Q: 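Have a look at this one before I ask anything.
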Amino acid sequence: MNDEHDSSGKVTYNYRFIFKGGFEKEFNIELDGVSLNLLPTDKKSCPEWTKLSCFKCPNCTLNDKYEYCPIAINMADVIDYFRDFFSYEQVEVVVTSQERKYIRTVSLQHGVSSLIGIYMVTSGCPVMEILKPMVRFHLPFATIEETKYRAISMYLMAQYFLYQRGCQPDWDLKKLAEAYENVRTVNENFCKRLRMIEGQDASLNAVVVLDIFADSVNFSMDGRMADDLSYLFKGYFQSTE
């Protein structure tokens, strides 16, 4: 069995932002190949705004032994770099994984959104833990329809594994809405945390884009939420018609 990430014990993503004028900025993300936790890097200090005592999401489950928001401390360098850029600026973004490369010219807020989506899921926030399978099969610049398909597929596979372990699966997707509402709460409140930082709006709007995507999935969370994707599966229905 050929599994590239097993050979190094890491899953890696490289984001390269190429701005008009030719200057570039790279971010290298390394994840543990099994836990998909962000591998630690040397940090000299953490800014005040990253402390949980400064701001804490209402659905945060971290206890008093945690001094810092795990998402905030891991995203501090990204936020600091982009704080003086405007979100509408056009930039070429090159995303390289072990398996392939993506290249697209987008607004800076969409490029940064794709980047920080990884940080938000892999930093150690308990609420975001459920989205780790999507990070392992990361799709930069995904559309709303792609995000919805991936979210539902991921959730149903999780139910299969729960079933295999003797647990009660949620085949009707009843709890998926609740899970994404918690994700939306983290995104929304991280925006509030960022508003405490002076600067322009690129990083803030990148989180807003993430929230829009979470809302797009959450918007149709009911018993028939996947019906608009059923046209893709006609090949499976032939024997029932």
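All values reported here derive from a predicted model rather than from experimental measurement.
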Q: Classify the angle between the aromatic ring planes of Tyr149 and Phe233 as parallel (below 30°), tilted (30 to 60°) or perpendicular (above 60°).
A: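 Tyr149 and Phe233: parallel rings.
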
Q: Just verifying a value: how many Å separate Ser113 OG and Phe141 CZ, rounded to the nearest 0.5 Å?
A: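 Atom-to-atom, Ser113:OG and Phe141:CZ are 10.0 Å apart.
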
Q: Is Glu181 salt-bridged to Arg184, cutoff N-O under 4.0 Å?
A: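 Looking at Arg184 together with Glu181, the answer is yes, because their closest N to O distance falls below 4.0 Å.
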
Q: Examine distances only and state if a side-chain atom of Gln98 and a backbone atom of Lys10 form a donor-acceptor pair shorter than 3.5 Å.
A: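 Side chain of Gln98 to backbone of Lys10, a donor-acceptor pair under 3.5 Å: yes, one is there.
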
Q: Without hydrogens or angle criteria, can the side chains of Asn205 and Ser87 be said to hold a donor-acceptor pair below 3.5 Å?
A: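 Ser87 and Asn205 do have a side-chain donor-acceptor pair below 3.5 Å.
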
Q: Any ion pair linking Arg136 and Glu99 (charged N to carboxylate O, less than 4.0 Å)?
A: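 A salt bridge is present here (some side-chain N lies under 4.0 Å from a carboxylate O).
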
Q: Is it true that the side chains of Asn182 and Thr185 contain a donor and an acceptor less than 3.5 Å apart?
A: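 Not at all, the side chains of Asn182 and Thr185 share no donor-acceptor pair under 3.5 Å.
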
Q: For Trp49 and Phe190, take the angle between the two ring planes, folded into 0 to 90°, and tell me which bin it lands in: parallel under 30, tilted 30 to 60, perpendicular over 60.
A: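 Because their plane-to-plane angle is over 60°, the rings of Trp49 and Phe190 count as perpendicular.
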
Q: Could you tell me which residues satisfy salt bridge (Lys or Arg N to Asp or Glu O under 4.0 Å) with Glu129, sequence neighbours excluded, listed by chain and number?
A: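 For Glu129, the residues satisfying salt bridge (Lys or Arg N to Asp or Glu O under 4.0 Å) (neighbours in sequence not counted) are Lys132.
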
Q: Testing the 3.5 Å rule here: is there a donor-acceptor pair between the side chains of Tyr15 and Ser114?
A: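 Indeed, the side chains of Tyr15 and Ser114 share at least one donor-acceptor pair under 3.5 Å.
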
Q: About how many Å separate CD1 of Ile79 and OG of Ser203, when rounded to the nearest 0.5 Å?
A: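 Answer for the OG-CD1 pair, Ser203 versus Ile79, is 4.0 Å.
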
Q: Taking transitive links into account, so neighbours of neighbours count too, which hydrophobic residues share a cluster with Leu52 at under 4.5 Å side-chain distance?
A: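 When side chains under 4.5 Å apart are linked, the cluster holding Leu52 also contains Leu62, Tyr66.
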
Q: Let me confirm one number: the CD1-OG1 distance from Ile118 to Thr122, rounded to the nearest 0.5 Å.
A: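 That separation rounds to 7.0 Å.
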
Q: Are the side chain of Arg193 and the backbone N or O of Asn189 linked by a donor-acceptor pair below 3.5 Å?
A: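 Side chain of Arg193 to backbone of Asn189, a donor-acceptor pair under 3.5 Å: no, none is there.
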
Q: Group every Ile, Leu, Val, Met, Phe, Trp and Tyr by side-chain heavy-atom contacts under 4.5 Å, then state whether Ile197 and Tyr119 land in the same group.
A: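 As far as the 4.5 Å side-chain criterion goes, Tyr119 and Ile197 are connected within one cluster.
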
Q: About how many Å separate OH of Tyr155 and CG of Leu173, when rounded to the nearest 0.5 Å?
A: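 If we round to the nearest 0.5 Å, Leu173:CG and Tyr155:OH are 7.0 Å apart.
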
Q: Ring centroids only, cut at 6.0 angstrom: are His138 and Tyr13 within range, meaning strictly under it?
A: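 Yes - the distance between ring centres of His138 and Tyr13 falls below the 6.0 Å cut-off.
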
Q: Is there a path from Phe23 to Ile103 through hydrophobic residues (I, L, V, M, F, W, Y) whose side chains come within less than 4.5 Å of each other?
A: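 No, because Phe23 and Ile103 fall into different hydrophobic clusters, even though each may have its own neighbours under 4.5 Å.
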
Q: Any luck finding a side-chain donor-acceptor pair between Ser107 and His110 under 3.5 Å?
A: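 On atom types as modelled, these side chains qualify, holding a pair under 3.5 Å.
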
Q: For Tyr81, is the NZ or CZ atom of Lys25 found under 6.0 angstrom from the centre of its six-membered ring and inside 45 degrees of the ring axis?
A: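 Output yes; distance and angle both within limits.
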
Q: For Pro47, does its backbone N or O pair with a side-chain atom of Thr50 as donor and acceptor, under 3.5 Å?
A: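 At least one qualifying donor-acceptor pair exists.
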
Q: Distance-only, no hydrogens or angles: does the Ser35 side chain make a donor-acceptor pair with backbone N or O of Asn37 under 3.5 Å?
A: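 Side chain of Ser35 to backbone of Asn37: a pair is present.
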
Q: Let me confirm one number: the CZ-CD distance from Arg104 to Glu92, rounded to the nearest 0.5 Å.
A: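 So the CZ of Arg104 and the CD of Glu92 are separated by 12.5 Å.
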
Q: Just by modelled atom types, is the Glu24 backbone N or O under 3.5 Å from a matching donor or acceptor in the Arg16 side chain?
A: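 Between the backbone of Glu24 and the side chain of Arg16 there is no qualifying donor-acceptor contact (under 3.5 Å).
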
Q: Are Phe27 and Phe82 an aromatic pair, judged by ring center distance below 6.0 Å?
A: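 Centroid distance Phe82-Phe27: below 6.0 Å, so yes.
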
Q: Taking the side chain from Gln159 and the backbone from Trp171, do they hold a donor-acceptor pair closer than 3.5 Å?
A: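 Checked: no pair found.
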
Q: Rounded to the nearest 0.5 Å, how far apart are CG of Asn74 and OH of Tyr68?
A: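 Asn74 CG to Tyr68 OH: 13.0 Å, rounded to 0.5 Å.
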
Q: For the side chain of Asp32 and the backbone of Val34, is there at least one donor-acceptor N/O pair under 3.5 Å apart?
A: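 Between the backbone of Val34 and the side chain of Asp32 there is a qualifying donor-acceptor contact (under 3.5 Å).
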
Q: Under 4.5 Å side-chain heavy-atom separation, chaining through any Ile, Leu, Val, Met, Phe, Trp or Tyr, what else clusters with Leu39? Say none if it is isolated.
A: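 Noted: Leu39 shares its cluster with no other residue.
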
